[in-house]
Amino acid sequence: MRVSSSSAYLQTVQGLGGALGRVQDVSRQLSSGKRINSWSEDAPSATAAGRYRAQEADWQSFRRVATDARGWLDTADGALQSMSTLMTRVRSLATSAVNGGLSADGREAIAAEIDQLRSELKDLASTRHLGRPLFAGFGQAALATAPDGTVSYAGDGGVVQRQVSPTITLQINVDGADLLGFSAGEDAFATLTSLSAAVRAGDATATRASSVAVDRGQDRVLRALAQVGATANRVSAADSAGAVAGEDLAARRSELEDVDLAAAVLTLNSAQSGYEAALGAASRANLPSLASFLR
């Protein structure tokens with residue numbers, strides 16, 4: 001079968017165009033680093049890669065939430081550790097007041113220190129994280145102080161939660177009313193006020209009774225510390241799981257859409273060689289010129 005000059009010309013042009021297209025496709029992959037630059041190139045892989053990318057974004061969000069939760073818990077842990085140290089010091093002072101055979105001046109010095117520790121406890125109970133009170137639930141402040149110095153709880157029972165994984169939502173706040181003894185009817189501030197007064201008066205019986213209440217307050221602080229520590233461990237575990245899940249999803253997505261640079265370079269070299277060979281062959285072919293088509 002005889003092939004006309006125009007047919008040979010069109011076939012050559014189409015061949016050159018295809019060879020150049022292959023060079024351009026591989027060059028585009030190398031410049032972008034992506035094997036898939038449009039859905040039309042590989043719709044199933046592009047769909048799967050998009051799904052993996054969405055899941056990666058979800059895990060990144062959960063990890064940001066976990067970071068926020070750790071900040072809240074770390075601040076709470078620091079405040080509670082200080083409260084525990086404070087209550088231990090109060091217990092030591094009470095013991096000294098009962099057993100020391102102190103003078104009035106000595107008892108006054110101990111009572112004055114207890115008063116200072118009570119003020120410090122108010123500061124610790126009012127600790128804030130990013131502007132929010134740690135021990136007030138959803139309230140604007142944990143404590144309220146009356147003109148006579150009486151301290152009351154101003155927060156509420158709100159539960160502050162953070163979702164740190166698709167299946168794990170944790171309470172990150174400590175109930176201030178329970179922590180400070182308001183729920184039990186023997187708040188720490190009233191206890192310290194009573195203890196200070198008993199020490200000043202030299203009333204050993206009242207001092208011992210207040211010391212027992214201080215011990216119960218210390219137990220509440222220790223329970224809160226255990227709660228915060230356990231929650232922090234769960235947050236860390238969820239964050240670690242999120243990191244592993246994110247890396248796995250990123251690897252799967254990369255396998256689908258990222259280009260293999262070494263293989264792409266070889267493919268580009270091969271495509272360029274093919275295109276150059278096609279150009280050389282076309283230049284030697286006896287093809288009609290534009291003038292031939294115009295005649």
Modelled atom types, side-chain donor and acceptor of R91 and T95, under 3.5 Å: yes
Results of side chain to side chain donor-acceptor pair (under 3.5 Å) for Q60 - residues two or more places apart only: none
Backbone N/O of S236 and side chain of R70: donor-acceptor pair under 3.5 Å: no
Mutual orientation of the aromatic rings belonging to H129 and W72 [parallel < 30°, tilted 30-60°, perpendicular > 60°]: perpendicular
Distance (rounded to the nearest 0.5 Å) between E56 CD and E247 CD: 10.5 Å
Pair D105-S103, side-chain donor/acceptor within less than 3.5 Å: no
Qualifying residue for side chain to side chain contact (heavy atoms under 4.5 Å, CB included) with L143, from V151, D187, L121: V151
V90 side chain reached by T191 side chain, heavy atoms, under 4.5 Å: no
Basic-acidic side-chain contact under 4.0 Å: D178, R220: no
Donor-acceptor contact below 3.5 Å, side chain T127 vs main chain L124: yes
Reported OG-to-CG distance for the pair S119 and L192, which is rounded to 0.5 angstrom: 10.0 Å
Any side-chain heavy-atom pair of T169 and V164 under 4.5 Å: no
Side chain to side chain, L80 and L179, heavy atoms closer than 4.5 Å: yes
Sidechain N-carboxylate O distance under 4.0 Å for R64, D68: no
Flag for Q218-T88: side-chain donor and acceptor within less than 3.5 Å: yes
Pairwise distance CZ(R63) to CG(D58) - rounded to 0.5 angstrom: 14.0 Å
Contacts of type salt bridge (charged side-chain N to carboxylate O under 4.0 Å, His left out), residue E108, not counting sequence neighbours: R200
Check: N173 and F138 side chains under 4.5 Å, non-hydrogen atoms: no
